[in-house]
Amino acid sequence: MVKIKDRKAVAYAISLKCTNDTATPILDLWRKASRFETTPSMQALNYPPHLTLAIYGDIAPEQPLEVMRKVFRDTPSISVEFSGIHHFPNETLVLWARPIDDSVLRRMHQAIHRQIDPMLCHEHYRPGHWRSHCTIAMNIPKEQAAAALRWAAETPARFVVTFDIADYIGFPPVEILEEVKLLP
């Protein structure tokens with residue numbers, strides 16, 4: 001286990017990740033979408049399919065760690081049904097899978113933000129701004145965006161993924177600082 005004091009992360013995140021066979025549909029989408037990127041972004045993370053609930057920069061790193069432990073202690077694994085590929089238009093295009101019902105994820109997100117001042121969180125992950133998503137590709141250049149969006153519209157993406165671990169990471173690069181195995 002990495003000692004947080006020794007970690008020189010730029011940011012910290014609380015996420016749910018899938019470390020079981022239900023991750024296969026997301027991994028397949030990662031491989032297919034990577035053809036639109038210069039370098040496959042998701043494979044380069046060396047981190048499994050995940051849903052990020054909060055990202056923090058300027059914060060005492062122990063605070064989100066304690067909240068993660070508290071929120072996910074005695075929490076069962078979470079099965080999430082996805083349907084469709086959507087996008088965030090940034091400098092580079094980001095493709096992501098959309099949960100059909102994210103009510104459980106929203107409750108977890110709210111539980112974290114009730115305990116940590118939302119203003120300490122990255123603006124896109126704050127209450128009222130956060131959109132639950134599982135990233136498929138995060139670095140599609142503008143010249144590939146139209147082809148990637150056509151592919152996304154034509155690609156059936158309906159599947160269920162069971163997220164079995166909550167973790168606290170530092171990044172970049174992704175370094176797992178602590179994880180909580182969710183109950184079966």
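- Two residues are said to be in side-chain contact when any heavy atoms from C-beta on lie closer than 4.5 Å; M42 and S34 fail this criterion.
- For the pair I112 and Q110, the minimum side-chain heavy-atom distance is 4.5 Å or more.
- In this structure, S77 has no side chain to side chain donor-acceptor pair (under 3.5 Å) partners at least two apart in sequence or on a different chain.
- Partners of E81 according to the side chain to side chain donor-acceptor pair (under 3.5 Å) rule, which considers only residues two or more places apart in sequence or in another chain, are R158.
- Under the rule for a side chain to side chain contact (heavy atoms under 4.5 Å, CB included), the partners of N20 that lie at least two apart in sequence or sit in another chain are C18, T22, T162, D164.
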Q: Given side chain to side chain contact (heavy atoms under 4.5 Å, CB included), test I140 with L95 step by step and report yes or no.
A: CA-CA 8 Å; I140 299 171; L95 295 178; 3.6 Å; yes
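- When the side chain to side chain donor-acceptor pair (under 3.5 Å) test is applied to T39, no partner is found at least two apart in sequence or on another chain.
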Going by atom type alone, with no hydrogens or angles, which donor-acceptor pairs under 3.5 Å involve a side-chain atom of residues 85-93 and a protein atom two or more places apart or on another chain?
unit_1 : atom_1 : unit_2 : atom_2 : d
H86    : NE2    : R98    : NE     : 3.1
T92    : OG1    : M138   : O      : 3.4
T92    : OG1    : N139   : OD1    : 3.4

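- With sequence neighbours left out, the side chain to side chain contact (heavy atoms under 4.5 Å, CB included) criterion links D117 to M119, L120.
- Note: W130 and H109 have parallel aromatic rings, judged against thresholds of 30 and 60 degrees for the angle between ring planes.
- For P25, the side chain to side chain contact (heavy atoms under 4.5 Å, CB included) partners at least two apart in sequence or on another chain are F159.
- Formation of a donor-acceptor pair under 3.5 Å by the T75 side chain with backbone atoms of V71 is found in this model.
- Judged as a ring-ring contact (aromatic ring centres under 6.0 Å, His included), and not counting sequence neighbours, H129 has no contacts.
- Nearest heavy atoms, P64 versus Y168: CB-CE1, 3.4 Å.
- You'll find the side chain of V67 stays beyond 4.5 Å of the side chain of E62, heavy atoms only.
- Proximity of a side-chain donor or acceptor of Y125 to a complementary backbone N or O of R131 within less than 3.5 Å is not detected.
- Legend: ring-ring contact (aromatic ring centres under 6.0 Å, His included) pairs involving residues 19-40, not counting sequence neighbours, sorted by first then second residue: F36-W151.
- Under the rule for a salt bridge (charged side-chain N to carboxylate O under 4.0 Å, His left out), the partners of D28 that lie at least two apart in sequence or sit in another chain are R31.
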Show the atom names and distances, to 0.1 Å, of all donor-acceptor pairs under 3.5 Å that link a side chain in residues 48-60 to residues at least two apart or in another chain.
unit_1 : atom_1 : unit_2 : atom_2 : d
H50    : ND1    : P48    : O      : 2.9
T52    : OG1    : S15    : OG     : 3.4

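- Pairs engaging residues 65-76 under the salt bridge (charged side-chain N to carboxylate O under 4.0 Å, His left out) rule: E66-R69, R69-E178 [sequence neighbours left out].
- When all heavy atoms are compared, the tightest approach of M68 to A166 is SD-O, 4.0 Å.
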Q: Give the C-alpha distance, both sets of side-chain angles, the deciding distance and a yes or no for side chain to side chain contact (heavy atoms under 4.5 Å, CB included) between L105 and L16.
A: CA-CA 9 Å; L105 300 172; L16 296 170; 3.6 Å; yes
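- In this structure, the separation between CG on L29 and OG1 on T155 is 7.0 Å, given to the nearest 0.5 Å.
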